[in-house]
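The next block holds one structure in the form of structure tokens; read it before the comments.
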Amino acid sequence: MRRTATLATLFATSFSFVYADTTSRTTEQQEAAITNPTEECSYYNYAPLNDVVSLSLHVEQLVLLSDSGISEADKQVFASFNASIPNIAPRGTRAGNFTGVSYNYDTDPDCWWTADKCTTPRISGIPDDVTRCEEPNTWGFTLDDGPNCSHNAYYDYLQSIDQKATLFYIGSNVADWPLEGQRGLADGHEICAHTWSHPYMTSMTNEQAFAELYYSKKIIKEMLGVTVRCWRPPYGDVDDRIRYIAQKLDMITIVWEEDTFDYDWSTLGIAAVQKNYENILALQSSGTYNTEGLIVLSHELDNGTMSLSEEFLPKIRQQFTGGVMPVGVCQNNTNPCM
């Protein structure tokens, strides 16, 4: 799935993609019934999307609120709190190159997660990041980088065992695959945002960071019909400036306690990622989670990550007797979406 495309203009009057209408799918139910991955990943024209969004793909071009197609209402949302955003400078590049960045790593004044995995903001009034499930031996089940166009077999599996997850959807993926996104909601999963284009968020200007969060939230609302109130920073890269912008958009920041590194399976090798899963299971066996649970980072990025999840879910569900569940459930949050 594309992870680097960014938005230039959004929510204008026409849809700038021109794709062959390779299937007749117009509903989530039709999409969910497709079993051939090639057909699943054939682009289609979805009329409701044409009515709300115009996107132009430029890998290095970032949105500006001065771009054509940005509504005055959207600009006013940003203007309403721009002046109060903490005065913390962007750092590094959108691809995560922090070479030459000058930062006091010892004191970590901005609670920069990438520096030392800080999750308790230095600025008062900003809530702590969510990192764990509160109940003992509970596994906060999260899947990043969806919706994946070829996820039907995996979603069918989750449905067959009545397993729900928190799905962190990338906004541009929802624009590409709106019916696939709708299936996640229809299957009863919890939906959160994962930015528009998956950048290192602390590299963004205030305006760019706002756009990454705001338009991911907006496309999910337009295509799925729910207003998300949670998000996960790509790569965990967040500081108090980005947290503040998210808070102003009514979005709780969720990170993780353990990482399966499944997204890197093609480099690390399947055996290494299997070992990562096994290490978490071993921690449970040793009593590590007898007082509180954890949130685990995993992905629906591709067939490799989904297959690994399917392989280990039976063992996870057997060992984590407190339950395997979405983050909102394990946090007793009855309104993760509206």
Side-chain angles (χ1 to χ4, degrees), residues 1 15 19 21-53 140-194 196 215-232 251 254 298-303 305-307 309-310 313 317 323-331 333-338:
M1 289 295 290
F15 189 45
Y19 295 138
D21 187 4
T22 56
T23 78
S24 60
R25 74 188 97 164
T26 58
T27 68
E28 174 273 321
Q29 293 88 346
Q30 288 174 324
E31 181 280 322
I34 299 172
T35 57
N36 184 307
T38 301
E39 185 180 350
E40 283 184 76
C41 292
S42 297
Y43 282 112
Y44 53 90
N45 182 49
Y46 184 60
L49 185 64
N50 300 349
D51 295 335
V52 299
V53 62
F141 182 34
T142 70
L143 296 165
D144 285 17
D145 294 354
N148 184 299
C149 60
S150 65
H151 68 197
N152 275 349
Y154 178 60
Y155 277 29
D156 287 347
Y157 168 72
L158 295 179
Q159 196 172 49
S160 73
I161 62 172
D162 193 27
Q163 180 61 63
K164 311 303 184 197
T166 299
L167 307 178
F168 289 94
Y169 278 170
I170 297 173
S172 54
N173 285 355
V174 174
D176 275 353
W177 310 109
L179 296 176
E180 287 77 356
Q182 289 176 22
R183 175 166 186 188
L185 182 67
D187 283 3
H189 299 294
E190 181 179 290
I191 309 298
C192 296
H194 198 36
W196 180 268
Y215 288 111
S216 63
K217 181 169 182 166
K218 190 165 185 176
I219 193 67
I220 291 171
K221 172 65 173 178
E222 295 288 352
M223 293 298 99
L224 277 64
V226 295
T227 301
V228 297
R229 304 181 65 202
C230 44
W231 81 293
R232 171 173 279 167
M251 300 172 79
I254 300 173
S298 55
H299 297 73
E300 67 166 276
L301 179 62
D302 54 32
N303 184 61
T305 64
M306 291 185 284
S307 295
S309 175
E310 188 168 338
L313 268 171
R317 283 159 58 98
V324 180
M325 63 194 70
V327 173
V329 175
C330 83
Q331 290 285 315
N333 180 359
T334 58
N335 293 300
C337 297
M338 296 173 58

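Note that the structure is predicted; figures quoted are calculated from it, not measured.
Rounding to the nearest 0.5 angstrom, the gap separating the CG atom in L143 from the NE2 atom in H151 is 11.0 Å. Rounding to the nearest 0.5 angstrom, the gap separating the NE2 atom in H189 from the CD atom in Q163 is 8.5 Å. Separation of atoms CE (M251) and CH2 (W231) is listed at 7.5 Å; rounding is to 0.5 Å. To the nearest 0.5 Å, atom OG1 of residue T26 and atom CG of residue L179 are 7.5 Å apart.
Here the side chain of R317 pairs a donor or acceptor atom with the backbone of I161 at under 3.5 angstrom. Under the 3.5 Å distance criterion, the side-chain polar atoms of K164 are matched with a main-chain donor or acceptor of D187. Counting only distance, with no hydrogens or angles, the side chain of R25 and the backbone of E40 share a donor-acceptor pair below 3.5 Å. Without hydrogens or angle criteria, S216 side chain to A193 main chain gives no donor-acceptor distance under 3.5 Å. N303 places no side-chain N or O within 3.5 Å of a backbone atom of M306 that could act as its donor or acceptor partner. Distance alone, capped at 3.5 Å, is enough to place a donor-acceptor pair between the K217 side chain and the V228 backbone. The backbone N or O of N148 lies less than 3.5 Å from no partner atom in the side chain of N173, so there is not a single donor-acceptor pair. With hydrogens and angles ignored, the 3.5 Å screen pairs a side-chain donor or acceptor of E190 with a backbone N or O of G328. Between the side chain of D144 and the backbone N or O of H299, no donor-acceptor pair lies under 3.5 Å.
Between D156 and R183 there is a salt bridge, since at least one side-chain N of the basic residue sits less than 4.0 Å from a carboxylate O of the acidic one.
Taking every heavy atom of both residues into account, R232 and T142 meet most closely at NH1-OG1, 2.9 Å. Contact record, P178 with M223: CB-SD, 3.8 Å, taken as the closest heavy-atom pair. Closest approach of P147 to I170, counting heavy atoms only: CD-O, 4.4 Å. The two atoms that bring G184 and L167 nearest to each other are CA-CD1, 3.8 Å, heavy atoms only.
Between E222 and L49, every side-chain heavy-atom pair lies at or beyond the 4.5 Å cut-off. Put simply, the side chain of V226 reaches to within 4.5 Å of the side chain of I220, judged on heavy atoms.
Side-chain atoms of E180 and Y155 form no donor-acceptor pair, as typed in the model, at a separation below 3.5 Å. Side-chain contact, Y46 with Q182: a donor N or O sits under 3.5 Å from an acceptor N or O.
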Item to check | side chain to side chain contact (heavy atoms under 4.5 Å, CB included) between Y169 and I219, worked out | outcome: CA-CA 10 Å; Y169 278 170; I219 193 67; over 6 Å; no

Next on the checklist: Could you go through S298 and F141, starting from their C-alpha distance and side-chain angles, then the distance that decides it, and tell me whether this counts as side chain to side chain contact (heavy atoms under 4.5 Å, CB included)?
Outcome noted: CA-CA 8 Å; S298 55; F141 182 34; 4.1 Å; yes

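In this structure, Y43 and W177 have parallel ring planes: the angle between them is below the 30° cut-off, well short of the 60° mark.
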